[in-house]
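For clarity, every value in this text was computed on a predicted model and none was experimentally measured. Atoms within each ligand, like the ligands themselves, are counted from 1 in listed order.
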Amino acid sequence: MRCPYCNEEMICGSVQSQREIFFTTKPDKNWLIPSINKKDEIILSSHNWSKPTCMAYHCPACRKVIIDYSVKSE
Ligand SMILES: [Zn+2]
């Protein structure tokens with residue numbers, strides 16, 4: 001995949017976390033009390049019960065990481 005900013009080839013890899021990875025427009029103010037309202041969240045990771053992982057592409061020149069959540073990691 002080519003970087004949409006500089007058009008160089010990006011490095012394919014993954015983003016991992018100990019918890020599920022999601023995009024939200026309303027970040028929790030307090031991590032200890034997660035919001036009940038999940039409708040504004042898009043889950044990006046798969047394997048959320050074992051090793052939450054997203055397929056991602058990295059451009060070191062632009063310092064961008066792009067997550068393609070249409071692709072589930074193996
Ligand atoms: Zn770039």
Chemist: Run the side-chain contact (heavy atoms from CB on, under 4.5 Å) test against D68 and tell me which residues pass, sequence neighbours left out.
Modeler: S70, V71
Chemist: Side-chain contact, heavy-atom cut-off 4.5 Å: C6 with C59?
Modeler: yes
Chemist: How close do Q16 and T53 get, heavy atom to heavy atom, and via which atoms?
Modeler: NE2-OG1, 2.8 Å
Chemist: Protein N/O/S atoms under 2.8 Å of the Zn ion (ligand 1)?
Modeler: C3 SG, C6 SG, C59 SG, C62 SG
Chemist: Hydrophobic cluster mates of M10, side-chain heavy atoms under 4.5 angstrom, ILVMFWY only, any path?
Modeler: M1, Y57, I66
Chemist: Taking only residues two or more places apart in sequence, or in another chain, which ones meet T25 in a side-chain contact (heavy atoms from CB on, under 4.5 Å)?
Modeler: F23, D40
Chemist: A side-chain contact here means heavy atoms from C-beta on lying under 4.5 Å apart; do C12 and M55 qualify?
Modeler: yes
